Amino acid sequence: MSRKQSANPILPGATIGIFGGGQLGRMTAMAARAMGYRIQVLDPDPACPARFVVDGCIEANWDDSREAANLARGCDVVTLEIEQISLASMDAAANYAPVRPGRAILAVIQDRIEQKNWLRKNGFPLGDYRAVNSLDELRDAIGELGGRCFCKSATGGYDGRGQGKVGFRSGADPEEEARGAWEALGEGPGVVEKALELEREISVLVARSPSGEVKVYPAAWNHHENQILAWSVMPAPLTDSMATEARQLAETIADTFELEGILAVEMFVTKAGELLVNELAPRPHNSYHASERASVTSQFEQLVRAVCDLPLGDVSTVQPCAIANLLGDVWLNEDGSPREPKFDAALAVPGVRLHLYEKHRPRKGRKMGHLSGVGATPDEAVAAVLRAQELL
Ligand code: ADP
Ligand code: MG
């Protein structure tokens, strides 16, 4: 992991552009500000979370290539926190500033079918899946894969949206379930995946700079509820051989793409002991929010370093840290009326911190913030953050 000194680092004082002003853009902007950069973002929502911590916000859609070019004109480098940015916008921006990560990786990961085909073609381990384009193909795929499946739209899904599950409810009518899944994935191209027996879910974050320096974080262990990340802790408790396998997978994927930036590789550890790739996200990732406290260098600072072609930061672990997501549900009573979370009670738990994204409208399932907690072991960190969450 030696590195050449970058001939052309983008130094503090320069301006970083970010496609997307959600919480990931906001936390990246906060890290960049701390290092003395200026930040411009592009987002369709003028009240996006990054709005309050950046120098300027261009209000535009992801496919507005004219405004993408305008963003890049005012910036020394452009990065992203969302995957939906159109390739035409990426290209328009690239005429004025380096865009990192670039279009090649985006073109592959924007489409779940392309992404899986790319992973398979390059020899990375994956669960069984079929690409489908019609209800008939979906039905056949479910039959071939053995009944219990996740059906996912090719584009635009996140936090389990654009997905339907089949074969999980006993007594359910298979034809009805197939139709429901086809509807859930938007009646368009998608993938059907065999439902795997999971021992655990992990993710591995890898950073790679334009000069080719690579750093891989220790894995995070991720617990999902209703297909949304509920809590995550790092480092993940893994055997040495599994940890090595996971880091090598992430590093090889980043090298194959010649990544410039950071990439989260979501992985499944199956009950049979296999390690399989689930999906890729070339941006900051919810499962590495704990890196702000667990690691010498947070994922957000690492992204800034990577896209500015600075030396990458140390990824060693300072202390085990866990995060628990705060969804809009926490701000709502059972009947949908608003409630005030008891932040004072949660913050009384030793070592717990609160991170809110300044989203003003809580909705069920919407990520509004997270709590973080630390401990002598990963288990203790999880226990602390869950105790705080219960007190809310
Ligand atoms: P998203 O883009 O919404 O994160 P994912 O493909 O990561 O979509 O699915 C969300 C979650 O659903 C996963 O983290 C996992 O908990 C569960 N899941 C998805 N696919 C499978 C599968 N094939 N087998 C078992 N669980 C799955
Ligand atoms: Mg996922």
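Indexing begins at 1, ligand by ligand and atom by atom, following the structure's order. Every value quoted in this text rests on a predicted model; they were computed, and no experiment measured them.
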- Protein contact to atom 9 (O) of ligand 1 [nearest heavy atom, distance to 0.1 Å]: Gln163 NE2, 3.4 Å
- Query: Do any nitrogen or oxygen atoms of Asn278 come within less than 3.5 Å of a nitrogen or oxygen of ligand 1?
  - Reply: yes
- Can you say whether the rings of Tyr357 and His289 are parallel (under 30°), tilted (30 to 60°) or perpendicular (over 60°)? perpendicular
- Among all protein heavy atoms, pick the one closest to atom 6 (O) of ligand 1 and tell me residue, atom and distance. Lys152 NZ, 2.6 Å
- State whether the number of non-hydrogen atoms from other residues, nucleotides or ligands found under 6.0 Å of Arg38 atom CZ is greater than 12. no
- Subset of ligand 1 atoms that lie under 4.0 Å from at least one heavy atom of His224: 14 (O), 16 (O)
- Query: Any idea which of Glu197, Gln227, Arg161 brings a heavy atom closest to atom 10 (C) of ligand 1?
  - Reply: Gln227
- So is Tyr129 in contact with ligand 1, going by heavy-atom distances below 4.0 Å? no
- Non-hydrogen side-chain atoms of Ile82 and Asp43 separated by less than 4.5 Å: no
- Task: Under 4.0 Å from a heavy atom of Glu266: give me the atoms of ligand 1 that qualify, with their elements.
- Result: 7 (O)
- Message: side chain to side chain contact (heavy atoms under 4.5 Å, CB included) for Leu126 and Leu276? Distances and angles first, verdict last.
- Response: CA-CA 5 Å; Leu126 282 182; Leu276 304 173; 5.8 Å; no
- Report the member of Glu201, Glu279, His285 with the shortest heavy-atom distance to atom 5 (P) of ligand 1. Glu279
- Query: Side-chain contact, heavy-atom cut-off 4.5 Å: Arg103 with Asp91?
  - Reply: yes
- Task: Quick one: the OE2 of Glu279, the Mg ion (ligand 2), OE1 of Glu266 angle, rounded to 10°, please.
- Result: 90°
- Message: Between Tyr217 and His285 (judged by ring centroids, cut-off 6.0 Å), do the two rings come close enough to count as a pair?
- Response: no
- Message: Within the supplied structure, the quantity of interest is the number of heavy atoms (other residues, nucleotides, ligands) at a distance under 6.0 Å from Asn333 CG; does it exceed 12?
- Response: yes
- Location of contacts on Asp159 toward ligand 1, heavy atoms closer than 4.0 Å: backbone
- Tell me which part of His223 gets within contact of ligand 1: side chain, backbone, both or neither, using heavy atoms under 4.0 Å. neither
- Query: His223 and Glu225: side-chain donor and acceptor closer than 3.5 Å?
  - Reply: yes
- Message: Out of all atoms in ligand 1, which are within 4.0 Å of some heavy atom of Glu193? Include the element for each.
- Response: 20 (N), 21 (C), 22 (C), 23 (N)
- Query: Would one find an N or O of Leu198, backbone or side chain, under 3.5 Å from an N or O of ligand 1?
  - Reply: no
- Query: Side chains of Gln115 and Glu279: is there a donor and an acceptor less than 3.5 Å apart?
  - Reply: no
- Can you find an N or O of Lys194 that's nearer than 3.5 Å to an N or O of ligand 1? yes
- Item | Arg148 to Phe168, cation-pi by 6.0 Å centre distance and 45° axis angle | yes
- Query: Is there a heavy atom of Ala195 sitting under 4.0 angstrom from any atom of ligand 1?
  - Reply: yes
- Query: Do Glu114 and Asn117 get their side chains close enough for a donor-acceptor pair, meaning under 3.5 Å?
  - Reply: no
- Under 4.0 Å from ligand 1, counting heavy atoms only, is it the side chain of Phe150, its backbone, both or neither? side chain
- Task: Would you check whether Gly160 has a nitrogen or oxygen atom less than 3.5 angstrom from a nitrogen or oxygen atom of ligand 1?
- Result: yes
- Measure from the Mg ion (ligand 2) to each N, O or S atom of Asp159 and report whether any distance is below 2.8 Å. no
- Donor-acceptor contact present, side-chain Asp55 to main-chain Ile39, <3.5 Å: yes
- Starting from atom 24 (N) of ligand 1, locate the nearest protein heavy atom and write down its residue, its atom name and how far away it is, to 0.1 Å. Leu196 N, 2.9 Å
